[in-house]
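Let me begin by presenting the structure, written as structure tokens, before commenting on it.
Within every chain, numbering begins at 1; the chains are lettered A, B, ... in the order of the sequence lines, protein sequences first and strands thereafter. Quick caveat, the model's predicted, so the values are computed rather than measured.
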There are 2 protein chains.
Amino acid sequence: MVENKELYKFFAQGEKFFQPGISIDSVIFGFHNNQLKVLLTKLKYVNLWSVAGGFVYKDEHIDDAATRILRERTGLSNIFLKQFYIFGDPRRSDRKFHVNRMRHVGWDADRNYWLLKRFITIGYYALVNFTNVVPTRDYMSDLCDWYDIHDLPPLIMDHGDILGRALETLRTQLKYQPIGYNLLPQKFTMPELQKLYETILDKKLDRRNFQRKMLGYDILNRLEQRRKGGAHKAPYLYSFNLKKYHRALREGLAGGW
Amino acid sequence: MVENKELYKFFAQGEKFFQPGISIDSVIFGFHNNQLKVLLTKLKYVNLWSVAGGFVYKDEHIDDAATRILRERTGLSNIFLKQFYIFGDPRRSDRKFHVNRMRHVGWDADRNYWLLKRFITIGYYALVNFTNVVPTRDYMSDLCDWYDIHDLPPLIMDHGDILGRALETLRTQLKYQPIGYNLLPQKFTMPELQKLYETILDKKLDRRNFQRKMLGYDILNRLEQRRKGGAHKAPYLYSFNLKKYHRALREGLAGGW
DNA sequence: ACAAAAGTGTTGTCGATACACCCATGG
DNA sequence: CCATGGGTGTATCGACAACACTTTTGT
């Protein structure tokens, strides 16, 4: 198998290219069907899933590495991406997992093999537009797809913790920063934006107060057009005023839900 | 010199004990004479200062490493310590600086020497009680002392950035968490607590509103005793109600300055 | 016409600010 | 006795939550 050759090559030569002992794990959030989703990959030879992970090239900025990994998994660049925590427990790695994978491609590792050493991982979280993403697996995985935040498959190592802490961070950030731009299509309605907030915060918000508060932030453009076709009254479409949006990102919102 | 032997040993054997490519830099804040201070060490053989740095033993949790480094510099355990950012620019290390130090102890490093490789550093910040600290230098440094945040000596590499970002984080955290416990003596007056807040935020606060807000958090015990001796009316002494203080740490404050 | 969804308005509460007043102490 | 700092009280404003009303649309 050509793919397993690639994996073999990674095992054999990764040490040459990658910064030792450091990995990156990005929790990629998307929004679809009124549900918050995470992009996960199923790793080969085991029945375990993983958030979008990877390694840092020896001369690569960690933020660039995170961006690259995100692009490899989603096809997207220019995305909201932020480091949120470092996971530095010396026992977080799962030796058996690696040994098992290596056996499948015929790589025989000794005890000092680079991948079996301790890894510290840098947690990033990303917000992406679900419909623009083309989930792309690589030679390490045989599946890459979205999963509902409330219905997750079994995760490798401490990826449950990583995901949980990313979600917690997202919820906190939500209070002080605008976020819809990265998760919604260009044009969207106020109820759609509200659903996004409700989904992330996991609680109902008052329709009318939400609208007024959101408009109060002064980061939205109301378009002439309305969303037709649905039953009932047609809602306005909005887009983000990028200039004001980015100012709000820098300076923060009043906040408090 | 015995000390230089130690440094030599570090150069020669550090690779055996420490996790490669990872360092820890802790910005240690204290409060004294109504000024916010940082604990810095002056490194040997150069006219540059550094925040409290160190390395991670191969089987040590990064949080434990940060705690250990803090104890080595201050003599204190059980302290408020929190990771706040990872600095991962591949060009952040200063090769010349290391080479220069090594030359002074007669260590001759080749190009692949561990210390000259890329290091990613984990930024922590700590809040400590100034009067309890015994600033302690080690074999790498010839000075260790407090410096006013507004009057800093020249700092090594990106330690200026690290310090700035730590300060920014502290200011943000101040809005959502109680902090005085770690920076003030056991007993303190309301004006003293206010000075602390004013110093960190670098702005004046209204005396009366501050008092009411602070008392409203319900984390203080008013003591019978008052602070005598100063001119003018004797202010009450307070101490923190630790139980409520820690609950507030976990659950956050209302906040907003 | 009516149910359901969307848009707009009104009111009450609470916290934050601004400021006025009183108390204690040392010079 | 008065200047200075500390403690307590009150008015005002604005943000936010709760809730009423009107408008639009498909069936």
At less than 4.0 Å, is any side-chain N or O atom of Q211(A) found next to OP1 or OP2 of dG7(C)? Yes or no. yes

### Query
Between H246(B) and Y181(B), how do the two ring planes meet: parallel, tilted or perpendicular, split at 30° and 60°?
perpendicular

| message | What's R226(B) touching, base or sugar-phosphate or nothing? Going by heavy atoms closer than 4.0 Å. | response | nothing

field: Face-on cation placement of R222(A) at Y238(A) ring, 6.0 Å and 45° thresholds
entry: no

Students often get this wrong, so: under 4.0 angstrom with heavy atoms, is R227(A) touching a base, only sugar-phosphate, or nothing?
nothing

inquiry  = Tell me if the side-chain of D206(B) makes a donor-acceptor pair with the base of dA16(C), cut-off 3.5 Å, by modelled atom types.
reply    = no

Handout entry: K213(B) side chain near dG15(C) phosphate (N/O to OP1/OP2, under 4.0 Å)
Key = no

Side-chain atoms of P235(B) come closest, of dT8(D), dA17(D), dG7(D), to dG7(D)

Considering only heavy side-chain atoms of R208(A), the closest of dT10(D), dG7(D), dT8(C) is dT8(C)

Here the distance between atom P of dT8(D) and atom CE of M190(B), to the nearest Å, is 9 Å

Salt bridge (charged side-chain N to carboxylate O under 4.0 Å, His left out) pairs touching residues 154-173 of chain B, sequence neighbours excluded, are R92(B)-D158(B)

To the nearest angstrom, the CZ-P distance between F210(B) and dG7(D) comes to 12 Å

- Item | Distance test, side-chain N/O of R207(A) to OP1/OP2 of dA17(D), below 4.0 Å | no

Separation of dA16(C) atom P from M214(B) atom CE, nearest Å, is 12 Å

R212(B) atom CZ is separated from dT8(D) atom P, nearest whole Å, by 11 Å

Within the sub-3.5 Å range, which N or O atoms of nucleotides 1-4 of chain D have a protein N or O partner, and how far apart are they?
from	atom 1	to	atom 2	distance (Å)
dT4(D)	O2	H232(B)	ND1	2.9

Between CG of L205(B) and P of dA16(C) the distance, given in whole Å, is 13 Å

Under a 4.0 Å threshold between the charged nitrogen and the carboxylate oxygen, would R73(A) count as salt-bridged to D138(A)? yes

In whole angstroms, the gap separating P of dG7(C) from CG of L215(A) amounts to 9 Å

Contacts of H61(B) meeting side-chain contact (heavy atoms from CB on, under 4.5 Å) (sequence neighbours excluded), chain-then-number -> D89(A), P90(A), D63(B), D64(B)

Among the nucleotides dG7(D), dT10(C), dA6(C), whichever has the atom closest to the side chain of P191(A) is dA6(C)

To the nearest angstrom, the NZ-P distance between K228(B) and dG6(D) comes to 17 Å

Y238(A) atom OH is separated from dA6(C) atom P, nearest whole Å, by 12 Å

Does the plane of the ring in Y147(B) sit parallel, tilted or perpendicular to the ring in W49(B)? Use 30° and 60° as the thresholds.
perpendicular

>> Would you call the rings of Y125(B) and F29(B) parallel, tilted or perpendicular, taking 30° and 60° as the class edges?
In response: perpendicular

